[in-house]
Amino acid sequence: MNGAAAPERSPSASPPLPAQAQAQAPPSPSPTQPLEWRFSQVFGERSAGEEVQDVDIISAIEFNKSGHHLATGDRGGRVVLFERTDVKDHACRKDAEKADYSISRHPEFRYKTEFQSHEPEFDYLKSLEIEEKINQIKWCQAANGALFLLSTNDKTIKFWKVQEKKVKKVSEMNLDRSAAPANGSPGGVGYLSPSLSNGNALKPGGFPLLRLPVVTSQETSLAASCRRVYAHAHDYHINSISNNSDGETFISADDLRINLWNLEISNQSFNIIDVKPTNMEDLTEVITSAEFHPTHCNTLAYSSSKGSIRLVDLRQSALCDTHSQIFEQHEAPGSRSFFTEIIASISDIKFSKDGRHILSRDYMTLKLWDVKMNSGPVATFQVHEYLRPKLCDLYENDSIFDKFECCQSGDGLRVATGSYSNIFRVFGCGTGSSEATTLEATRNPTRRQLQNPTRATRSLSTLTRAVRRGGESTGIDANGNSYDLSTKLLHLAWHPSENLIACAAANSLYMYYA
């Protein structure tokens, strides 16, 4: 299909997997065929030449556990919710088939609601401005028809409840609307006045037309309310939050510490991991991402800037400074350079749905790890190898510090991550799969990228850091297609049970299905 490229795998992943790795590889009876991805929807599409405001750029995407709802957060501190509309129960489907209606498998979402989650703040003690940008969103368990989610910026985590509320209106008043206004008074008041003006005593039983107001609720509106605020627990910027499978606790991670919270208690957290050295000059690595195991409530994983992933068992001790397993890939002798440690830094990790694998993303590659085999990754996927000769330029303009996210399909057979020029790549990780598809976040995802893009490019500062130094933002990749460092696809999410990917290109949310 168009847009499919030859699979790029590192030499370490090319040979057949050892028997131990094969036993743990995602189940696949035969090599799967590459999926044919189609455009589904776009929200917030911008017209040609339209300038994007920095506050509108999407900074977080997350499906809920059922996949019926999708949440996005942006740099302006807003959270926008979408709900799926094409899901029908089996009875409706059978009725439609009998009526000879065509059932579309095209997944459709619609805008549900939005709310302001965070506001810009200022820490007067540290003279530090705290921006409102949403770093991560995590869905919690729904209850009584209400949706619950956690959202965080650099310092503060908030627990939100979103539910439908009935709008109550007074439909009947205790006035006689048929009576004409008297002396400028509203209708009905004039009717009550004669008996009093003549000095007549009130008859037993009072006024026959006096009625109590009737309150009715006919319309419903969605209301978001902040139930709890978890603050003042992190000295450094929060990079990730993760819900526990027990439904009661969650973790929050910054550069040096990971804290454990109870959802019901906002004024107390427990520090379970602390990598801060006694002397900060001895600091060699920082925490970059953390996530709970999807089914084992006592297990979590966190990644570091040195390219390692540590698996931690909370049952071992209260302070989990020692890990139960560590996953890292040692570099080949003589291959080390100035950029080796920078590009080895892991920007995101994700457990597979069954918890048997961990997917990690560093600057150049995606790696799939088996949690029962820490000798090395079971597969490595090259994302944009054509940029390796340009690492010096990428360092000069700070692009080398961009943090790309990754995701895995619900069946564990495919993984995906973003790159520059608003493209994302989908790789097959099933046994014998050679799938490696390149897609662009446009209405035509498989189109060939033009060597001279006509769309207006935006300044680098509006998409990443406020300060940029030197370096070209455009160039030509290995296939002769142009690439643009100023347009990058950092955030994406895979539907938990279907082949549906949602990804963010600046302020636009694109969805694709296969």
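Applying the side-chain contact (heavy atoms from CB on, under 4.5 Å) test between T288 and each of S360, S345, S347 identifies S345 as the sole match. Among the candidates N262, N298, T249, the single residue satisfying the side-chain hydrogen bond (donor to acceptor under 3.5 Å, both in side chains) test with N244 is T249. Each of F270, F148, Y230 was compared with F250 under the ring-ring contact (aromatic ring centres under 6.0 Å, His included) criterion, and only Y230 meets it.
Side-chain contact annotation: R38 with S40, donor-acceptor N/O pair under 3.5 Å absent. Under the 3.5 Å distance criterion, with hydrogens and angles disregarded, a donor-acceptor pair is assigned to the side chains of K367 and T365. If you check the side chains of H234 and S252, you find a donor sitting under 3.5 Å from an acceptor.
Ring to ring, F82 and F109 are not that close: their centroids are 6.0 angstrom or more apart. The distance between the ring centers of F43 and Y111 does not fall below 6.0 angstrom. Not less than 6.0 angstrom separates the ring centroid of F339 from the ring centroid of Y363.
Between the CG atom of N243 and the CD atom of E291 there is a distance of 10.0 Å, given to the nearest 0.5 Å. Note that CG of N374 is 9.0 Å distant from CD1 of I326, once rounded to the nearest 0.5 Å. Distance check, rounded to the nearest 0.5 Å: CG of D411 to OG of S497 gives 10.0 Å. How far OG of S305 is from CG of D255: 8.5 Å, rounded to the nearest 0.5 Å. Between atom NZ of residue K306 and atom CD1 of residue I342 there is a gap of 13.5 Å, rounded to the nearest 0.5 Å. Interatomic distance, CD of E440 versus OG of S421, reported as 7.5 Å (0.5 Å rounding).
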Q.
Apply side-chain contact (heavy atoms from CB on, under 4.5 Å) to residues V312 and T299 and explain how you reach the verdict.
A. CA-CA 6 Å; V312 173; T299 304; over 6 Å; no
Q | Audit row: V371, I358, side-chain contact (heavy atoms from CB on, under 4.5 Å) steps and yes/no | A | CA-CA 7 Å; V371 296; I358 299 175; 3.8 Å; yes
(Q) Set out, in order, the CA-CA distance, both residues' side-chain angles and the distance that settles salt bridge (charged side-chain N to carboxylate O under 4.0 Å, His left out) for E83 and R110, then state yes or no. (A) CA-CA 6 Å; E83 65 178 350; R110 70 180 177 190; 2.8 Å; yes
Q: Decide side-chain contact (heavy atoms from CB on, under 4.5 Å) for I61 and L509; before the verdict, give the C-alpha distance in whole Å, the side-chain angles of both, and the deciding distance to 0.1 Å.
A: CA-CA 9 Å; I61 302 177; L509 176 66; 3.9 Å; yes
Q: Please step through side-chain contact (heavy atoms from CB on, under 4.5 Å) for the pair K350 and Q408, ending with a clear verdict.
A: CA-CA 8 Å; K350 293 285 196 310; Q408 188 170 15; 5.8 Å; no
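Among all heavy-atom pairs drawn from E121 and T156, the shortest one is OE2-OG1, 4.1 Å. Annotation for S151 and W160: closest pair OG-NE1, 3.3 Å, computed over non-hydrogen atoms. For F39 against T442, the heavy-atom pair with the smallest separation is CD1-O, 3.8 Å. The minimum heavy-atom distance between I273 and L300, with the atom names listed, is CD1-CD1, 4.0 Å. In this structure, L256 and E285 approach most closely via the heavy-atom pair CD2-O, 4.5 Å. Smallest separation of non-hydrogen atoms from G428 and S433: CA-OG, 3.3 Å.
With respect to the salt-bridge test (charged N to carboxylate O, under 4.0 angstrom), the residues D74 and K133 do not qualify. Taking 4.0 Å as the cut-off between side-chain N and carboxylate O, R315 and D313 count as a salt-bridged pair. In this structure, R84 does not pair ionically with E108, as no charged nitrogen and carboxylate oxygen lie closer than 4.0 Å. Ion pairing of E264 with R228 is present here, as a side-chain N (NZ or NE/NH1/NH2) and a carboxylate O approach within less than 4.0 Å. Salt bridge D254/K155: absent, no basic N to carboxylate O contact under 4.0 Å. We find that D348 and R361 are not joined by a salt bridge, their nearest charged nitrogen and carboxylate oxygen being 4.0 Å or further apart. The existence of a salt bridge linking R414 and E435 is confirmed by a sub-4.0 Å separation between a basic side-chain nitrogen and an acidic carboxylate oxygen.
The number of heavy atoms from other shown groups lying within 6.0 Å of CD (Q316) is above 12. Applying the 6.0 Å contact sphere to OH of Y124 captures no more than 12 heavy atoms from other residues, nucleotides or ligands.
Although no hydrogens or angles enter the test, the distance criterion places a donor-acceptor pair under 3.5 Å between the side chain of S59 and the main chain of I134. Between the S419 side chain and the I423 main chain, no donor and acceptor come within less than 3.5 Å of each other. The closest donor-acceptor contact from the side chain of R425 to the backbone of V383 lies under 3.5 Å. A donor-acceptor pair under 3.5 Å links the side-chain atoms of S508 to the main chain of G44, judged by distance alone. In this structure a side-chain-to-backbone donor-acceptor pair under 3.5 Å is missing from E341 to I343. Between the side chain of H495 and the backbone N or O of E498 there is at least one donor-acceptor pair closer than 3.5 Å. In this structure, the side chain of N279 does not engage the main chain of D282 through any donor-acceptor pair within 3.5 Å. Checking side-chain atoms of Q329 against main-chain N and O of G376 turns up no donor-acceptor pair under 3.5 Å. Judged purely by atom type and a 3.5 angstrom limit, S303 has no side-chain atom pairing as donor or acceptor with the backbone of I349. Not one N or O on the side chain of D154 forms a donor-acceptor pair closer than 3.5 Å with the backbone of Y236.
Contact check for L260 versus N271: no side-chain heavy atoms found under the 4.5 Å cut-off. Side-chain contact between I130 and F122: absent, with no pair of heavy atoms (C-beta onward) separated by less than 4.5 Å. The shortest distance between side-chain heavy atoms of W369 and L359 does not fall below 4.5 Å. Side-chain contact check for L368 versus P377: every heavy-atom pair is 4.5 Å or farther apart. Inter-residue side-chain proximity for V286 and N239 is flagged as unmet; no heavy-atom pair is nearer than 4.5 Å. Using a 4.5 Å cut-off on side-chain heavy atoms (C-beta onward), R227 and S266 make no contact. No side-chain heavy atom of N499 sits under 4.5 Å from any side-chain heavy atom of Y512. Taking 4.5 Å as the limit, every side-chain heavy atom of Y510 sits out of range of all side-chain heavy atoms of Q41.
Classification of the Y420-F404 ring pair by plane angle, with boundaries at 30° and 60°, yields perpendicular. Note on ring orientation: taking the six-membered ring where Trp is involved, the planes of W494 and W37 are perpendicular (angle over 60°, cut-offs 30° and 60°).
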